[in-house]
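Step one of this worksheet: look at the structure below.
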Amino acid sequence: MSGEKKLVIVESPAKAKTIAQYLGEGFEVQASVGHIRDLVEPKNLPPELKKGSLGKFSVDIEKDFEPYYVVSDQKKKTVSDLKRALKEADELYLATDEDREGEAIAWHLLQVLQPKIPVKRMVFHEITKEAIEHAKQNTRQIDTALVDAQETRRILDRLFGYEVSPVLWRKVGPGLSAGRVQSAATRLVVDRERDRLAFVSASYWDLVAQLHPESAEKFEAKLSKIAGERIATGRDFDDHGKLKVGARALDESKATALALELSDRAISFKVDSVESKPYTRRPAAPFTTSTLQQEAARKLKFSARQTMSIAQSLYENGYITYMRTDSPALSQQAITAARRQATALYGANSVPESPRVYSGRSKNAQEAHEAIRPSGETFRTPSELASVLRGNDWKLYNLIWKRTLASQMADAKGSTATVTISAPSSLGTCEFTASGTVITFRGFLAAYEEGHDEERNETEEPSEAKLPQMVQGQSLIQDTVEPKGHETVPPPRYTEASLIKTLEELGIGRPSTYTAIISTIIDRGYVTPRGSALIPNWIAFSVVRLLEDHFTELVQYDFTAGMEGDLDKIADGKESRVEWLKSFYFGGPNYKGLRQVIDNLGEIDARTVNSIKLDEQTTLRIGKFGPYLELVDPESSEPRRVNIPAGLAPDELTSAKVKELIDAPPNSDRVVGVNEANGKTVVAKVGRFGPYVTEVDAESVAETPEVEPATETPTKSKNGSKKEATAKARTASLFKNMDPATVDLQTALRLLDLPRVVGADPETGTEITAQNGKFGPYLKRGTDSRSLETEQQIFDIDLEGALAIFALPKYGARRPSSALKEFDADPESGKPIKVKDGRFGPYVTDGITNATIPRGESIDDIDFERAVQLLADKRAKGPAKPRARATTKRTTTRKSTSKSTSKK
């Protein structure tokens with residue numbers, strides 16, 4: 001009926017705005033802004049439920065793993081708004097994404113809203129008028145199997161994290177976490193670094209000759225054989241620097257002598273053979289989620305998080321199809337559009353007679369979505385969208401458009417010529433080879449060429465190079481013959497692109513999780529990006545070692561991939577959620593049982609877990625203040641400790657570097673003077689976190705280590721009681737303009753006496769103090785504080801000056817930070833956008849909303865469009881979630897046992 005009002009719920013405001021223009025009259029579109037509820041944190045459960053497994057996991061293990069969901073505080077207003085809109089509606093359309101996560105969002109909406117009107121599930125993989133119209137006419141019920149798979153994954157991750165992470169806290173360090181996917185990803189990065197640490201480089205030499213026929217251009221030929229024996233290349237050495245069987249290695253002296261011999265003009269270089277073969281190169285398949293992230297990293301230098309953020313925006317605004325997919329397949333509509341556009345742009349011969357059909361090759365494929373491509377039955381060219389899409393949005397769309405078109409274009413064709421040349425020498429006949437490829441028909445290369453990751457001994461696509469015309473038996477003129485030395489290289493570190501590629505090949509994770517996986521291992525401090533490389537920190541070695549030794553099965557790559565396969569079976573309705581969780585947690589045919597593993601851990605020696613033996617005298621230990629070397633000193637009962645410099649990558653800690661660190665003179669502690677008030681000696685030191693002064697007993701003036709090993713429990717005395725804690729020595733960091741070599745006793749004592757009492761507030765009597773803090777110098781009056789402009793003010797400011805600062809508004813008292821970048825006004829708020837450097841790193845702000853710049857993105861990457869996108873994403877998430885208090889009363893919604901929804 002024309003008077004009926006229909007409510008459509010999607011996940012994001014941007015998506016809501018785009019589809020609203022295609023739905024027509026009678027439709028109201030609202031956004032849930034992601035999930036409206038999730039598993040409650042156990043600490044926030046009602047007191048009567050904080051017992052047993054429900055109190056530990058917010059999952060009732062004894063009751064078929066029933067989860068306890070809660071509508072978060074920040075989503076209560078959203079739920080209220082949706083319920084209000086529902087009262088006015090005659091029909092409800094749940095139009096969240098069609099993957100597992102989107103299906104689960106729809107199901108949770110159904111459980112919380114409890115609609116009394118007909119409910120329809122509406123799905124589409126692109127936001128165009130035709131796609132939305134088709135989705136309206138072809139609704140379905142909620143797929144409870146997909147919901148089961150998502151819920152199983154959520155419960156699985158909760159059980160894994162809550163059982164394993166506390167072991168890491170006790171044995172390695174606080175704040176660490178374990179997860180079935182993040183731990184496998186961390187292990188991959190650590191394993192690669194282990195390979196680099198164990199790698200032994202080998203050197204090898206070859207010869208390069210510059211030759212040419214009479215009256216022809218010269219070309220380069222490389223020595224390939226001597227007396228029929230193949231000359232070794234990098235691939236002929238193993239990772240321990242040993243030469244494999246079947247090749248001959250030249251050292252520098254032999255290569256130099258041979259080059260000198262062959263440089264004699266009397267030496268004859270003759271063509272032994274000329275061979276020509278046809279060259280064919282096929283285009284790459286259209287983008288899946290992982291290949292898009294990989295290629296955007298290679299060509300655009302985007303992080304995985306940045307790529308998915310931009311892709312989500314392009315999808316929600318109707319420019320591309322759904323961006324989370326395993327499938328490289330194109331619909332018939334897309335194939336027709338790509339072939340038609342390629343023909344128009346590059347000619348009729350640029351497309352093959354038959355359309356190209358692609359299928360997925362990943363170990364586990366999830367939902368059968370289409371590949372990522374431009375939306376619609378006619379693709380909009382990047383030039384047509386130049387006035388609408390700008391910056392990074394345009395760059396990513398351009399990449400997707402080119403890849404899609406190229407995927408339906410003809411093969412590149414050409415020929416590769418290989419010539420073999422011989423020359424006599426005292427070692428036997430020397431054989432040189434040269435090759436050149438000429439592409440006679442560019443085909444798909446006219447539109448797009450795929451990028452490549454760094455690989456060892458990679459067989460790259462030949463570059464175009466034309467050899468001069470030659471025939472067998474022809475004599476050649478040599479210009480130069482030069483020896484060239486080479487070193488074998490260790491396996492390259494993972495980049496975001498290559499890590500995602502490996503995860504996909506192993507079947508670990510899913511398109512929707514790759515970004516979160518990489519963000520997690522970086523945010524947890526397991527991995528640090530350096531340029532595009534992902535470098536594991538030493539703490540990751542401790543975590544991986546503990547998991548390998550005591551949770552062996554859980555970090556096996558095949559085991560993790562097998563769990564993904566089991567989740568797929570649940571999504572297909574072929575496996576029971578409850579039975580699978582019982583098998584995983586308690587043990588079954590395919591699983592040892594997480595609970596059994598935890599119950600049978602036995603003793604874990606924290607010191608062993610956090611130690612790596614380097615040689616008989618030296619051990620690397622990971623302490624609570626960072627990594628350090630511990631050396632056995634035969635002349636002392638106490639081992640010597642040497643800090644490892646911050647930023648030194650694990651594979652850079654070579655034997656030579658270890659010796660350098662050990663042999664380096666220790667930072668000499670400088671005695672500044674004696675504090676006459678207590679008789680202690682004041683010493684200036686340089687520590688891991690900068691220069692500082694401290695007080696020590698006169699007889700204790702000696703080098704003391706700044707680090708100590710991680711330990712499991714406090715030391716106990718013989719009678720079982722904890723030892724008395726020794727009084728902590730007073731310490732104070734030097735100001736930035738102070739030098740430990742010149743700081744005097746008076747200044748040192750003033751630093752040690754901080755905080756300095758400035759005076760008392762005449763109105764309240766509250767004491768005002770000046771001190772240094774984590775974020776710089778500041779004044780404190782009770783619970784109120786104000787920043788100071790310089791450290792020197794800590795010593796100099798008087799009561800009058802302090803009162804004047806406190807009289808200013810709290811944020812008016814701060815010196816405004818200068819903007820790192822400035823842009824035009826934000827389209828939504830109308831306020832100018834600035835990039836600033838804050839306490840927690842760089843961020844984008846319009847003066848109303850602040851959005852942190854994600855890790856992996858540099859300030860240089862932020863343009864106007866990206867800044868607008870970050871602010872829009874932050875607004876969509878709503879205000880920051882307040883810290884939960886024990887007394888907070890939460891409205892909870894128990895999970896319904898029924899997952900069905902009617903379709904009327």
Side-chain angles (χ1 to χ4, degrees), residues 15 18-19 22 97-99 123-138 282-293 295-296 307 310-348 350-362 365-385 388-389 393-394 396-411 443-450 511:
K15 185 176 176 182
T18 306
I19 72 168
Y22 299 129
D97 293 340
E98 57 180 325
D99 58 7
V123 296
F124 40 86
H125 72 276
E126 61 179 331
I127 304 177
T128 61
K129 186 174 182 179
E130 296 78 16
I132 299 302
E133 190 59 39
H134 181 269
K136 279 166 54 180
Q137 304 301 323
N138 294 273
R282 293 177 174 80
F287 282 131
T288 62
T289 301
S290 69
T291 55
L292 176 64
Q293 292 172 345
E295 194 73 340
T307 298
I310 298 168
Q312 175 117 14
S313 174
L314 290 174
Y315 164 68
E316 291 178 343
N317 286 285
Y319 296 111
I320 63 171
T321 53
Y322 191 54
M323 66 287 164
R324 284 190 281 272
T325 174
D326 299 286
S327 174
L330 292 175
S331 65
Q332 188 56 53
Q333 179 196 61
I335 290 173
T336 302
R339 288 172 62 86
R340 183 172 59 239
Q341 197 162 68
T343 300
L345 292 173
Y346 303 107
S350 67
V351 296
E353 290 185 9
S354 301
R356 294 186 183 274
V357 178
Y358 297 92
S359 58
R361 292 181 295 175
S362 60
Q366 197 174 296
E367 292 78 35
H369 296 147
E370 191 180 357
I372 303 170
R373 62 166 176 86
S375 60
E377 59 184 17
T378 300
F379 298 161
R380 288 164 285 188
T381 65
S383 59
E384 290 174 334
L385 294 176
V388 182
L389 295 177
D393 286 6
W394 185 90
L396 193 65
Y397 180 85
N398 183 53
L399 191 71
I400 294 167
W401 176 81
K402 285 182 175 180
R403 176 85 163 223
T404 306
L405 247 63
S407 73
Q408 286 301 315
M409 292 175 67
D411 295 341
F444 76 91
L445 291 176
Y448 180 82
E449 185 168 3
E450 187 179 25

Could you tell me which non-hydrogen atom of [X] sits nearest to which non-hydrogen atom of [Y], and how far apart they are?
| X | Y | value |
| --- | --- | --- |
| T404 | F379 | CG2-CE1, 3.8 Å |
| L396 | T307 | CD2-O, 3.7 Å |
| Y322 | D99 | OH-OD2, 2.7 Å |
| D393 | L389 | CB-CD2, 4.1 Å |
| A342 | S350 | O-OG, 3.3 Å |
| Y358 | P283 | OH-CG, 3.8 Å |

- request: State whether a side-chain donor-acceptor pair under 3.5 Å links T381 with S383.
  value: yes
Could you tell me whether a side-chain N or O of [X] sits under 3.5 Å from a main-chain N or O of [Y], the two making a donor and an acceptor?
| X | Y | result |
| --- | --- | --- |
| E126 | G376 | yes |
| Q408 | R356 | yes |
| Y319 | R380 | no |
| S375 | T128 | no |
| W394 | P382 | yes |
| T18 | E316 | yes |
| T321 | A371 | yes |
| T343 | R339 | yes |
| T289 | T325 | yes |

- request: Start with the C-alpha distance between F124 and I19, add both sets of side-chain angles, then the distance that settles side chain to side chain contact (heavy atoms under 4.5 Å, CB included), and finish with yes or no.
  value: CA-CA 11 Å; F124 40 86; I19 72 168; 4.3 Å; yes
Tell me, do [X] and [Y] make a side-chain contact under 4.5 Å, heavy atoms counted?
| X | Y | value |
| --- | --- | --- |
| K15 | I127 | yes |
| P286 | E370 | no |
| L399 | F287 | yes |
| R340 | T378 | yes |

If I take atom [atom1] from residue [X] and atom [atom2] from residue [Y], how far apart are they, to the nearest 0.5 angstrom?
| X | Y | atom1 | atom2 | value |
| --- | --- | --- | --- | --- |
| F444 | K402 | CZ | NZ | 13.5 Å |
| E377 | E130 | CD | CD | 5.0 Å |
| K136 | Y22 | NZ | OH | 13.0 Å |
| D97 | Y315 | CG | OH | 5.0 Å |
| T288 | E295 | OG1 | CD | 11.0 Å |
| S407 | R373 | OG | CZ | 10.5 Å |

message: Go through it in stages, so that I can follow the logic: the residues are Q341 and L405, the test is side chain to side chain contact (heavy atoms under 4.5 Å, CB included), and I'd like the CA-CA distance, side-chain angles, deciding distance and then a yes or no.
response: CA-CA 8 Å; Q341 197 162 68; L405 247 63; 3.4 Å; yes
